[in-house]
Amino acid sequence: MITFKYARWKNFLSTGNTFTEIQLDRNPSTLIIGENGAGKSTILDALCFGLFGKPFRQISKNQLINTVNGQGTVVEIEFETQNKQCKVVRGIKPNTFEIWVDGNMINQSANARDYQKHLEQQILKLNYRSFTQVVILGSSTFIPFMQLKSQARREVVEDILDIKIFSLMNLILKGKVKSLNTDISENKYQADLHKEKVELQEKYIEDIERNKDTLLSQKTTLRDGNEEEVFTRNAEVKRITEENQTLLDAMSSEDKAIEKRDKLKDIQFTLKDKQVRHERMITFMQENDDCPTCEQSISEDFKAKTISQRTEQVNELTTGLLQMKTEMDKANGKLKEFKDIAKVINDNSIKLAKLNSGITELEKFNATLIEEIRQIESGDVTKTDYEKLDNLKKMCYSLDSTKSKLKEDMLYYDVAKNLLQDTGIKTKIIKQYLPIMNKLINTYLSSMDFFVNFNIDENFNETIKSRFRDVFSYANFSEGEKMRIDLALLFTWRAIAKMKNSTNTNLLILDEIFDSSLDATGTDDFLKILNTFDKENVFIISHKQDMLIDKFRSVVKFEKVKNFSKVA
């Protein structure tokens with residue numbers, strides 16, 4: 001059983017920087033009152049956030065921080081379970097999450113989810129959904145059991161009956177089945193592979209015993225053919241090598257040819273430059289009568305003589321340039337020949353590389369053939385061949401044995417799978433509790449003067465008979481009648497949890513239940529049920545303080561002072 005003792009919080013919602021503390025195990029019944037917005041329902045969000053990291057109402061985590069102070073949000077929950085004193089501390093800005101057991105903080109996991117999972121599964125042994133179905137019922141965001149989907153209903157009941165372990169076992173089993181299927185596939189692959197190897201080895205031995213001469217002839221012919229091919233290729237290698245050497249000798253004068261071409265280029269450039277200068281002088285003499293430098297006149301005799309001399313030199317240079325072009329064409333032609341020879345040498349080098357590579361592979365293959373021929377000539381099947389066959393058969397036998405073991409394991413897993421499915425052992429357990437559940441539900445409904453025959457089946461579908469035994473569903477009833485059904489289910493789950501000691505707790509908080517759908521008669525009937533609870537601490541949040549204040553052992557009033565909520 002979980003006995004909640006204290007809940008305290010600060011900088012949480014409308015609460016300021018001073019801790020607000022509520023003792024949860026002091027009185028059997030406590031009425032929490034206050035005006036709208038005074039902070040009455042803060043205790044619901046504080047409990048859910050402290051234990052599960054999320055509020056009871058549909059608000060974001062950042063909205064839990066007090067907007068005035070903007071930091072330092074802290075919630076602490078103290079409780080006792082399994083004879084251990086526990087405390088959970090959770091905060092925002094800075095983010096903190098600590099679990100203390102008997103004064104020692106549990107080592108925090110690197111993953112906050114794993115730390116939370118440890119709290120829910122190992123310490124509290126209930127999750128958020130079960131907590132909000134068994135411990136807290138709020139009028140604003142509470143989703144009644146009858147409005148949950150079938151799978152969610154099942155999860156709640158599994159938590160209450162403490163049979164969720166079967167779901168965890170089923171999850172683990174799925175992983176084992178997946179691994180086992182992988183092992184079976186690998187075993188089949190290896191078995192088929194080794195069987196094929198056995199067949200090949202048996203055929204090899206049979207071929208050697210029956211076809212020794214044929215094999216010897218085939219391998220010898222293949223070896224001789226390879227040797228002939230090696231000889232041919234070696235001859236080709238020799239021919240190409242000699243050809244390359246001849247071509248290389250022919251290219252020995254390539255450097256001199258390049259040097260000659262470069263000299264011819266220089267001479268050609270010099271002659272061309274001289275020709276251009278003479279032509280410029282001729283043009284100058286033809287176009288000018290005065291010297292632009294000294295401003296003296298140029299005589300006609302000097303002009304004629306200069307033009308004649310320069311023209312003669314230009315003619316000589318033109319003839320020289322023509323002869324130079326002829327020599328340059330010869331030099332370039334020679335260099336092109338060298339280039340073509342270099343390409344042939346490069347192509348021959350590629351052929352040589354291919355030939356040498358092929359010769360190497362043929363020689364390796366022949367070495368293998370020679371060893372095989374030697375083994376065939378040395379006698380019949382060797383001892384090593386039989387040992388190899390024997391080892392392969394032993395491996396096949398071992399794989400067959402493993403296959404039988406894997407099939408046997410899969411058979412056990414199939415049985416376990418059937419047992420752990422929702423329709424298996426969990427349904428058997430639920431069916432045993434269904435009569436008790438239905439009896440308790442109808443008892444609580446009768447206590448609230450709601451006389452119907454309410455039944456749920458193993459799939460948690462309801463059948464409600466009323467009036468003249470007509471069949472109704474949950475949706476057919478008024479809001480007040482639905483509230484009675486929700487309360488009856490809540491009390492039933494708490495009673496079952498107490499029997500199972502699974503989600504059994506001293507705490508029950510009801511938020512504005514009397515302020516919505518219950519009439520005066522329903523309220524009185526509900527309070528009668530609460531008075532029958534033993535060793536439980538019930539907190540009722542309500543606006544009907546005038547109507548209820550004298551019916552509770554303790555009253556806690558919240559008020560807001562300067563925009564901060566506090567206990568009055």
Side-chain angles (χ1 to χ4, degrees), residues 1-9 24-25 44-56 61 74-92 95-136 151-176 416 419-420 422 425-426 429-430 433 493-494 496-509 535-537:
M1 177 175 177
I2 304 174
T3 303
F4 289 96
K5 294 187 173 184
Y6 286 94
R8 59 178 68 89
W9 58 89
L24 301 175
D25 61 345
L44 306 179
D45 294 305
L47 281 168
C48 289
F49 175 71
L51 295 175
F52 303 103
K54 52 185 176 182
F56 179 72
K61 183 178 177 180
V74 178
V75 175
E76 298 179 0
I77 311 295
E78 292 186 20
F79 57 92
E80 179 182 346
T81 181
Q82 303 172 26
N83 295 321
K84 294 180 180 179
Q85 303 299 322
C86 303
K87 181 171 75 170
V88 179
V89 181
R90 204 183 296 260
I92 312 174
N95 288 326
T96 54
F97 180 23
E98 300 172 356
I99 304 173
W100 296 76
V101 178
D102 291 335
N104 299 314
M105 187 176 73
I106 297 175
N107 290 333
Q108 292 178 320
S109 171
N111 190 332
R113 291 185 179 180
D114 293 338
Y115 205 50
Q116 179 66 35
K117 191 179 294 183
H118 178 81
L119 173 63
E120 294 182 13
Q121 296 180 357
Q122 304 300 324
I123 299 176
L124 291 172
K125 296 189 176 179
L126 77 163
N127 57 25
Y128 177 83
R129 183 179 283 117
S130 299
F131 186 79
T132 54
Q133 286 289 328
V134 176
V135 180
I136 293 178
Q151 183 60 34
R153 293 183 184 183
R154 176 174 288 277
E155 290 179 7
V156 171
V157 175
E158 285 181 6
D159 278 332
I160 293 170
L161 295 179
D162 199 18
I163 58 174
K164 198 158 188 176
I165 184 64
F166 296 116
S167 297
L168 296 176
M169 290 169 64
N170 192 33
L171 185 63
I172 295 172
L173 179 64
K174 287 180 179 178
K176 288 184 175 292
L419 288 173
L420 294 174
D422 290 343
I425 191 170
K426 289 190 291 187
I429 296 173
I430 291 171
Y433 279 92
W493 302 146
R494 290 181 65 85
I496 296 294
K498 193 170 184 180
M499 294 178 191
K500 286 289 296 178
N501 196 29
S502 54
T503 54
N504 187 16
T505 173
N506 66 312
L507 187 63
L508 174 61
I509 302 178
K535 295 181 180 180
E536 295 195 14
N537 305 99

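Since we're looking at a predicted model, the values are computed, not measured. Keep in mind that the numbers below use all heavy atoms, side chains included, and drop hydrogens, waters and symmetry copies. By convention here, the first residue in the shown sequence is residue 1.
- Listed by chain and number, the residues in a side-chain hydrogen bond (donor to acceptor under 3.5 Å, both in side chains) with N506 are N537 (sequence neighbours excluded).
- Closest of all the heavy-atom pairs between L173 and A416 is CD2-C, 3.7 Å.
- Nearest heavy atoms, P55 versus C48: C-CB, 3.9 Å.
- Side-chain contact between I123 and I106 is present, with at least one heavy-atom pair separated by less than 4.5 Å.
- Rounding to the nearest 0.5 Å gives a distance of 7.5 Å between NZ of K125 and OG1 of T81.
- The closest side-chain heavy-atom distance from F79 to T505 is not below 4.5 Å.
- Judged as a ring pair (Phe, Tyr, Trp, His ring centres under 6.0 Å), and not counting sequence neighbours, the contacts of F52 are Y128, F131.
- Residues I509 and F56 are not in side-chain contact: their nearest non-hydrogen atoms beyond the backbone lie 4.5 Å or more apart.
- Put simply, CG on N127 and CG on L119 are 11.5 Å apart, with the number rounded to the nearest 0.5 Å.
- In this view, D45 and R57 satisfy the salt bridge (charged side-chain N to carboxylate O under 4.0 Å, His left out) rule, not counting sequence neighbours.
- The line from CD1 of I77 to CZ of R8 is 8.5 Å long, rounded to the nearest 0.5 Å.
- Annotation for G50 and V88: closest pair O-CG1, 3.1 Å, computed over non-hydrogen atoms.
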(message) Applying side-chain contact (heavy atoms from CB on, under 4.5 Å) to V135 and I2, what does each step give before you reach the verdict?
(response) CA-CA 11 Å; V135 180; I2 304 174; over 6 Å; no

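- With sequence neighbours left out, E98 forms a side-chain hydrogen bond (donor to acceptor under 3.5 Å, both in side chains) with W100.
- Using a 4.5 Å heavy-atom cutoff, the side chains of K61 and F49 are in contact.
- The side-chain heavy atoms of E78 and Q85, taken from C-beta on, include no pair separated by under 4.5 Å.
- Between C86 and V101, the shortest heavy-atom distance links the atoms SG-CG2, 4.2 Å.
- By the side-chain hydrogen bond (donor to acceptor under 3.5 Å, both in side chains) test, R90 pairs with Q116, sequence neighbours left out.
- Here the closest non-hydrogen pair linking L420 and K426 is O-CE, 3.8 Å.
- To the nearest 0.5 angstrom, H118 atom NE2 is 10.0 Å from L124 atom CG.
- A heavy-atom distance below 4.5 Å is found between the side chains of L47 and L24.
- Partners of N104 under the side-chain contact (heavy atoms from CB on, under 4.5 Å) rule, at least two apart in sequence or in another chain, do not exist in this structure.
- In this structure, V74 and V89 have side chains that are in contact, with non-hydrogen atoms separated by less than 4.5 Å.
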